Each structure stands twice: as structure tokens, then as C-alpha cells.
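Remember, it's a predicted structure, so these values are computed and weren't measured experimentally.
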Amino acid sequence: MSLLVIAACLAAGGLIGFMGGVLGIGGGLIAIPALVLLMGMSQQLAQGTALIMVLPAITMAVRKYNQQTRIDKRVAAAGAAGAVLFTWVGARLALGIDSSVLRRSFAVFLFFIALFYVWQTWRAGRVAAGNQKHKEKAATQTQKPTRAAPAFTPRRASVLGMLCGTLGGFFGVGGAVLAVPIITSVFRLPQTTAQALALSMVIPGSTIALITYGWAGQANWMVGLPMAIGSLLFVPVGVRLAYKLPERKLRASFALMLFATVALLAFES
């Protein structure tokens, strides 16, 4: 591999790591379509190669998130335990199907996740507007008590980990993408807290997925390692920015990035 290609992989890894740190997804959603489009990789090879970059990046991101707000280790550990076995199952399924079918499935999955984020962002805007509208009436009217969100317990995290592990193994990066909107909408945790928990839950499963893809020869280490190094340099910058952005803008940015990824995958097909 030429020095120019290595430099390009380092630069690409830096950009992907920065965006992954901001959005809390480890950058794999950007790396996979980029590897297919720019380097002509099959979907399976792109997913395995992206995992080489994603695993150290999400580990770094979790460390930075934990420095900002302490992660509930019991919940994260339970989610990770639920994900481990099911990640291997998902990876084996992905390695056994046609690359174009896997790519289209990946695009459909991301499209619906993006739609969910658009709805969530729109709903948050309506709620904020409604709260502002009723502020003047609060002093004279009795407010109905708001229904408390269910607690995100280790048992619930374990069940979520099983679902996210299957998707993470099948798509390479799907686990955290699905976990974040579920944690924010069902359990009503802040976006950055959800991102930190989701990434913590997928680290062991991502390790299993990388071993599975690598064992099957579906991981290019000469491309993945320079991208991992570049990513590690810029993940902390992205995480710091994530804590400065308004939550609605963070959700909107996440959705826009998913739609852009779907467009890339449709172009590749």
C-alpha cells in the first residue's frame, strides 16, 4: 500500500472519528458506505474493515463521555452481556448472504432510524413550544402530573443489548444506532447519556463481530488500522463538541447523517 493511500486513510479516519464523536456512533455508519463507494469493497468486507476503525474509536469515545457524565456501569455491563452472543449470531448471518442484499437491508434499516429521529426532533420542538405557551397558566391552573419514564434497569438493558447485538453483528454498526433512540424516547434519558450508554453496551459485541469477520477474511487491516489511528486523534474533539450542541440540533444532525448514508448506499446499488 502506498504512502498516499495510507495518508488518505489517516485523514478519512480523522474526519469519521470526529463525526462519530459528535453523533455518538463510532463513525462506522460513514465508513461503511465510503469503503464500498471509494474502494470497491463488498458490503461484508466494508463492515469488517470499518469495525477495525470503530472498536478503538468507540472505546475512546466512551472514556471521554464518562469524564463528562459518569456512565451507569451496571446498566452498561448488563447491556453488553446481552449483546455478546447475539452479535456473533448476527455476524454469521451477514456473512452468509449476498453482498447486494445486505447493502439494501442496511440502507432500509438506516432510513427508518433516520425517520424516527426526524419525528423525535419534531416532537421535541412541539413539546418545547407547548411548555412555553402554558407557562403563563401555570400559576392559576393545576397542572396534570407528567407520567414518569420507566427506569432503564440492568434487566431492560440486557434485553436491549440482545436486539442491538444482533443488528450490530449483522450490519457491523447497527447496535448503537438503534439503542440511542430507544433510550432517549422510551427511558427519556438525555441524548449524550444515551450515546454514552449505547456505545458502552456495544464494545464487547463489536469485538466479537470483528473476530468473526476477520476469521472469515472479511476485514482489510491495511486500510482499517490507519483509519483507526486517524479516528482516535479526533474522537475527543467530537465528544467535546457534542456536549456543547443543543440536544435538538444533535438529533437533527444525527438524522441528516443517516439520510446521507442511505443516499450513498442507494448510489452504490
- Task: Measure the spacing between CE of M53 and CD1 of I32 and express it to the nearest 0.5 Å.
- Result: 8.5 Å

- Indicate, with yes or no, if L232 and L199 share a hydrophobic cluster defined by side-chain heavy-atom contacts under 4.5 Å among Ile, Leu, Val, Met, Phe, Trp and Tyr. yes

- Task: Please round to the nearest 0.5 Å and tell me the distance separating atom CZ of R103 and atom CG of D98.
- Result: 9.0 Å

- Query: Hey, does R156 have a side-chain heavy atom less than 4.5 Å from the side chain of I182?
  - Reply: no

- Query: So, T49 side chain and G224 main chain: donor-acceptor pair closer than 3.5 Å or not?
  - Reply: no

- Task: Report yes if the side chains of R104 and V101 come closer than 4.5 Å at any heavy-atom pair, otherwise no.
- Result: yes

- Message: Apply side-chain contact (heavy atoms from CB on, under 4.5 Å) to residues F112 and L115 and explain how you reach the verdict.
- Response: CA-CA 5 Å; F112 281 105; L115 283 181; 4.3 Å; yes

- Message: More than 12 heavy atoms of other residues, nucleotides or ligands under 6.0 Å from CZ of F259: yes or no?
- Response: yes

- Message: Working to the nearest 0.5 angstrom, can you tell me the gap between T192 OG1 and K244 NZ?
- Response: 14.0 Å

- Considering all heavy atoms of both residues, which atom of S200 and which atom of V62 are nearest to each other, and what is their separation? OG-CG1, 3.4 Å

- Query: Any side-chain heavy atom of I16 sitting closer than 4.5 Å to one from S231?
  - Reply: no

- Message: In the structure I gave you, are the side-chain heavy atoms of N220 and L35 within less than 4.5 Å of one another anywhere?
- Response: no

- Task: Decide yes or no for Q44 and L102: does some side-chain heavy atom of the first lie under 4.5 Å from some side-chain heavy atom of the second?
- Result: yes

- Roughly how far, to the nearest 0.5 Å, is the CG atom of L189 from the CD atom of Q195? 12.0 Å

- Message: Quick check on the hydrophobic clustering: are I6 and L4 connected, directly or via other members, by side-chain heavy-atom contacts under 4.5 Å?
- Response: no

- Should W88 and F86 be counted in the same cluster of Ile, Leu, Val, Met, Phe, Trp and Tyr side chains packed under 4.5 Å apart? no

- Message: Working to the nearest 0.5 angstrom, can you tell me the gap between L55 CG and T207 OG1?
- Response: 4.0 Å

- Task: Report the distance from atom CG of L258 to atom CG of L110, rounding to the nearest 0.5 Å.
- Result: 6.0 Å

- Query: For the residue pair D72 and L197, what are the closest heavy atoms and their distance?
  - Reply: O-CD2, 4.0 Å

- Query: Can you name the nearest heavy-atom pair linking F170 to A94, along with the distance?
  - Reply: O-CB, 3.2 Å

- Query: Are any of the side-chain heavy atoms of T193 and Y65 separated by less than 4.5 Å?
  - Reply: no

- Item | pair M41-V223: side-chain heavy atoms closer than 4.5 Å | yes

- Message: On a heavy-atom basis, which atom in I113 and which in L178 lie closest, and how many Å separate them?
- Response: CD1-CD1, 3.8 Å

- Message: Less than 4.5 Å apart, side chain to side chain, heavy atoms only: is that true for L241 and F18?
- Response: yes

- Query: ring-ring contact (aromatic ring centres under 6.0 Å, His included) with F234: which residues, sequence neighbours excluded?
  - Reply: none

- Measure across P181 and F116 and return the closest heavy-atom pair with its distance rounded to 0.1 Å. CB-CE2, 3.1 Å

Can I get a per-line list of side-chain donor-acceptor pairs under 3.5 Å for residues 208-219, giving both atom names and the distance, sequence neighbours left out?
residue: T212; atom: OG1; partner: I208; partner atom: O; Å: 2.8
residue: Y213; atom: OH; partner: Q47; partner atom: NE2; Å: 2.8
residue: Y213; atom: OH; partner: G169; partner atom: O; Å: 2.9
residue: Q218; atom: OE1; partner: L45; partner atom: N; Å: 3.3

- Message: Is there a path of hydrophobic side-chain contacts, each under 4.5 Å between heavy atoms of I/L/V/M/F/W/Y residues, joining V202 to V186?
- Response: yes

- Cluster check F109, L256: I/L/V/M/F/W/Y, side chain < 4.5 angstrom: no

- What are the two closest non-hydrogen atoms of L10 and P226, and how far apart are they? CD2-O, 3.1 Å

